[in-house]
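Owing to the predicted nature of the structure, the values given are computational and were not obtained by experimental measurement. Naming: A, B, ... by sequence-line order, numbering from 1 per chain.
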2 protein chains.
Amino acid sequence: MTATNTREQIIVAADVLFYQQGFDHTSFANIAEAVNISRGNFYYHFKSKDQILSAVISLRRSNTHLMLKEWELSTERPERRLLNFIQILQVNHDKILRYGCPVGTLTTELLKLSHPASNEAKMIFTLFRTWLRRQFSEMGHKSDSDNLAMQLLIQSQGIATLANAFNDAEFLNKQVSQLQQWLDDLSTEMK
Amino acid sequence: MTATNTREQIIVAADVLFYQQGFDHTSFANIAEAVNISRGNFYYHFKSKDQILSAVISLRRSNTHLMLKEWELSTERPERRLLNFIQILQVNHDKILRYGCPVGTLTTELLKLSHPASNEAKMIFTLFRTWLRRQFSEMGHKSDSDNLAMQLLIQSQGIATLANAFNDAEFLNKQVSQLQQWLDDLSTEMK
DNA sequence: GTCTATATAATGATAGAC
DNA sequence: GTCTATCATTATATAGAC
């Protein structure tokens with residue numbers, strides 16, 4: 001197996017496990033089992049657990065960045081782009097119910113651990129915030145674009161947390177519909 | 001030191017530490033240091049770490065129950081009672097910024113750990129949900145009382161998560177004001 | 001690049017003296 | 001009721017053979 005290959009596999013496996021079990025609770029043994037390598041082999045690719053976390057957060061940041069770019073290229077209409085954001089909750093329906101929002105839960109955990117990487121994790125929120133703000137601005141909501149961006153983040157975080165807590169699929173579907181309606185009202189309002 | 005006294009102290013110290021550091025990350029050594037007892041003495045009062053968690057959740061449930069009772073006795077007007085709920089975010093301002101919402105963060109963590117006590121933790125959400133529903137119902141919003149209760153929970157969870165992530169006091173204050181305005185509109189709407 | 005074997009520290013938990 | 005001493009287990013991390 002090539003070096004980059006194994007390294008990539010470790011990052012991807014850690015990404016999933018950190019999401020499902022949390023960072024602190026996930027051990028090298030867990031990741032090693034998922035990738036099918038020995039624990040000792042780890043330290044050829046990463047010097048510490050924190051370095052794996054760094055790599056995972058970098059991956060998430062770049063994936064998020066790519067996703068937002070794609071949404072921007074897929075259509076000229078900002079309302080359509082924003083619809084993509086809302087539909088993350090729908091697309092990742094089952095994962096949200098079981099594990100909540102990957103961005104929110106990781107950031108919250110790292111903050112409680114007083115982990116230095118919490119700032120890096122937070123940047124994913126900032127990525128979304130800036131992108132959302134730009135879409136609202138393009139929609140014509142110049143002056144309150146940041147407020148609207150934060151409203152959408154608040155909603156998605158709250159919905160994910162409660163859908164997870166209550167393990168309620170119907171609730172999740174209903175809230176996504178209400179969010180879509182909110183966005184619709186907001187765009188017709190500007191015409 | 002009497003048995004109940006030390007036992008109470010352990011529960012209270014664990015309550016704080018679980019909130020600040022998370023359940024999994026908090027060790028007996030941490031709690032022992034806070035209470036100023038030896039690690040061995042623990043097992044006279046609790047058979048396991050899970051039993052301490054159980055006691056902490058029970059305490060939180062009973063405290064929440066008491067608080068809601070008090071709010072109900074303090075005024076006959078449901079809008080005033082609901083205002084108390086919104087103002088938790090204001091009253092616990094600094095804690096929210098540093099550690100997020102105690103109910104949401106514990107429930108989320110226990111779900112990720114697949115911990116059997118997650119259901120008990122979830123009950124605190126249910127306590128709020130039922131209480132909020134009753135207030136909205138008394139306000140005249142009979143048919144959509146549960147939806148409104150969940151809207152308020154969504155907002156408070158989302159606001160707490162993002163205020164924590166961005167460590168933004170101004171954001172928190174502003175969102176509390178907006179929630180109060182939302183509640184105000186909702187109550188004048190019924191007159 | 002990957003393995004086995006091992007060092008080291010911390011964890012939850014127990015036993016028994018006082 | 002509280003302590004010290006200790007056990008078993010797990011964790012991150014290292015050393016060195018292949």
Student: How about B/Y43 and B/F28: are their ring centres within less than 6.0 Å of each other?
Tutor: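 Yes, the ring of B/Y43 comes within the 6.0 Å limit of the ring of B/F28, centre to centre.
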Student: B/H25 NE2 to C/dG12 C1': how many Å, rounded?
Tutor: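 After rounding, the reported distance stands at 16 Å.
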Student: For DNA chain C, what string of dots and brackets results from 5' to 3' when Watson-Crick and G-U pairs need both distances under 3.5 Å, crossing pairs get [ ], and pairs with another strand get |?
Tutor: |||||||.||||||||||
Student: In Å, rounded to the nearest 0.5 Å, how long is the span from CG of B/N167 to NZ of A/K122?
Tutor: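 Going from the CG atom of B/N167 to the NZ atom of A/K122 covers 7.5 Å.
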Student: Rounded to whole Å, how long is the line connecting atom NZ of B/K49 with atom C1' of D/dT9?
Tutor: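 My rounded result for the distance is 15 Å.
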Student: Starting at CD1 of A/I37 and ending at P of D/dC18, how long is that distance when rounded to a whole Å?
Tutor: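 From A/I37 CD1 to D/dC18 P: 21 Å.
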Student: Where the side chain of A/F28 is defined as all heavy atoms beyond and including C-beta, which of D/dA13, C/dG12, D/dC3 is the nearest nucleotide?
Tutor: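 From the listed options, D/dA13 comes nearest.
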Student: In whole angstrom, give the distance that lies between atom CD1 of A/I10 and atom P of D/dA13.
Tutor: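 Rounded to whole Å, this separation is 13 Å.
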Student: In whole Å, I'd like the distance from the NZ atom of A/K47 to the P atom of D/dT14.
Tutor: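 It works out to 10 Å between those atoms.
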Student: Distance alone, cut at 3.5 Å: any donor-acceptor contact between the side chains of A/Q181 and A/D185?
Tutor: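 Yes - a donor-acceptor pair under 3.5 Å links their side chains.
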Student: Given ring-ring contact (aromatic ring centres under 6.0 Å, His included), test B/F171 with B/F166 step by step and report yes or no.
Tutor: CA-CA 9 Å; B/F171 164 79; B/F166 289 112; 7.3 Å; no
Student: Less than 4.5 Å apart, side chain to side chain, heavy atoms only: is that true for B/Q135 and B/W131?
Tutor: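 Yes. Closest side-chain heavy atoms under 4.5 Å.
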Student: Looking only at side chains, do B/D50 and B/H115 share a donor and an acceptor under 3.5 Å apart?
Tutor: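 Yes, side-chain donor-acceptor contact under 3.5 Å.
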Student: Distance check: side-chain N/O of B/S27 vs OP1/OP2 of C/dA10, anything under 4.0 Å?
Tutor: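 Answer no for this pair, as no side-chain N or O of B/S27 is under 4.0 Å from OP1 or OP2.
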Student: Looking only at heavy atoms, what is the nearest atom pair of B/N30 and B/Q21, with distance?
Tutor: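 Reported closest heavy-atom pair: OD1-OE1, 3.5 Å.
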Student: Give the residues of residues 38-45 of chain A touching DNA chain C, defined as any heavy atom closer than 4.0 Å, sorted by residue number.
Tutor: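 Residues of residues 38-45 of chain A that come under 4.0 Å of DNA chain C are, in numerical order, A/S38, A/G40, A/N41, A/Y44, A/H45.
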Student: Would you indicate which nucleotide in D/dA13, C/dT2, C/dT11 comes nearest to any side-chain atom of B/A29?
Tutor: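 Of the candidates, C/dT11 comes closest.
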Student: Given atom CD of B/Q51 and atom P of C/dG12, what is their separation to the nearest angstrom?
Tutor: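 Value for this atom pair: 15 Å.
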Student: Are the charged groups of B/R61 and B/E120 less than 4.0 angstrom apart, N to O?
Tutor: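 Here B/R61 pairs with B/E120 in a salt bridge, since their nearest N and O are under 4.0 Å apart.
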Student: I'd like to check B/R7 versus B/H45 (side-chain heavy atoms, cut-off strictly below 4.5 Å). Are they in contact?
Tutor: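 B/R7 reaches B/H45 side chain to side chain.
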Student: Can you tell me the distance, in whole Å, between the CZ atom of B/F46 and the C1' atom of D/dT2?
Tutor: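 Taking atom C1' of D/dT2 as the reference, CZ of B/F46 is at 16 Å.
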